[in-house]
Amino acid sequence: MAEFDSASPPRIKVKKKEALWLYSLTDLTFILMAFFALMLSMSKPDREQYDKVASAVQAEDPAADKLANLSVVAEDLEKAIKQLKLEDDIRVRIDINGLLLEFSERLVFASGSAQASPDFEKTTDKVLSILSQAPDRYTVSIEGHTDDLSIQSKLFKSNWELSAARGITLLKLLKDRGLDEKRMRVQAVAHTQPKIPIEGKTGQSLQEARRANRRVIIRLD
């Protein structure tokens, strides 16, 4: 009778010839990968087909469609601004949140005032009309911004009141041109979101920063 060593289990011997098929499989896999890589490198993308797929994706993506429509509005605004030679006082840009139209204070308001300057409505009538005719799907937000200097006057006790009043002024101008007030909202921002930080600035650079921070922004989103 055969005797086994109880300290270790019996070993099963595997012949080397039984694993030879793995080498063939590895070689075949490598050849197929090289073939597909070669085919991909030699292929030319069908531009027309690509555009169709991209258009289909955009049609199903509300955000993409929204930005596409805003691009048309932005183009109309930029043309009007260029014709009026107001590039230094009105700026347009589109970001992930929508369209942004920024008015400098010197174009709209006198210092410390929320009443639009006499020439503003006449000068920017075309710009305001384009905004008023924007598709109904967009909400129009009007932000009033001030500099960091505190204000106390008979009309306004703080920068918050001044910035709110300036936003309301533009809201009324847009409403007069047919924009539904249900689509509009006013946000008083005061001095809390400066365009140019004033920390460390003095003299002329400080004055320029404060001038840039006094502005009104209209957003379509």
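Small disclaimer: the values here were computed from a predicted structure and weren't measured.
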Minimal non-hydrogen separation, [X] against [Y], with atom names:
X: Arg177; Y: Ser132; answer: CB-OG, 3.3 Å
X: Leu174; Y: Val140; answer: CD1-CG1, 4.2 Å
X: Thr169; Y: Ala114; answer: OG1-O, 2.6 Å

From [X] [atom1] over to [Y] [atom2], what is the distance, rounded to the nearest 0.5 angstrom?
X: Ile94; Y: Leu101; atom1: CD1; atom2: CG; answer: 11.0 Å
X: Ile151; Y: Trp160; atom1: CD1; atom2: CH2; answer: 14.5 Å
X: Ser117; Y: Leu107; atom1: OG; atom2: CG; answer: 6.5 Å
X: Leu220; Y: Leu100; atom1: CG; atom2: CG; answer: 10.0 Å
X: Glu143; Y: Ile217; atom1: CD; atom2: CD1; answer: 5.0 Å

> Do Lys182 and Met184 pass the side chain to side chain contact (heavy atoms under 4.5 Å, CB included) test, and can you show the C-alpha distance, the side-chain angles, and the key distance before you say yes or no?
Replying inline: CA-CA 6 Å; Lys182 294 179 181 179; Met184 293 189 283; over 6 Å; no

>> I'd like to know if the side chain of Gln83 pairs up with that of Lys126 as donor and acceptor (distance under 3.5 Å, no hydrogens or angles considered).
In response: yes

> Can you tell me if Arg183 and Thr139 form a side-chain donor-acceptor pair at under 3.5 Å?
Replying inline: no

> Does a side-chain heavy-atom distance below 4.5 Å link His145 with Lys195?
Replying inline: no

> Any side-chain heavy atom of Asp221 sitting closer than 4.5 Å to one from Ile96?
Replying inline: no

>> Test side chain to side chain contact (heavy atoms under 4.5 Å, CB included) on Asp89 and Arg106; report intermediate values, then the result.
In response: CA-CA 8 Å; Asp89 292 305; Arg106 69 179 180 177; 2.6 Å; yes

>> So does Pro197 get a backbone contact from the side chain of Lys201, meaning a donor-acceptor N/O pair under 3.5 Å?
In response: yes

>> Would the distance check show the side chain of Ser163 and the main-chain N or O of Ala190 forming a donor-acceptor pair, the cut-off being under 3.5 Å?
In response: yes

> Is the shortest side-chain N to carboxylate O distance from Arg166 to Glu105 below 4.0 Å?
Replying inline: yes

> Applying the side-chain hydrogen bond (donor to acceptor under 3.5 Å, both in side chains) test to Arg214, which of Asp147, Asn159, Thr146 qualifies?
Replying inline: Asp147

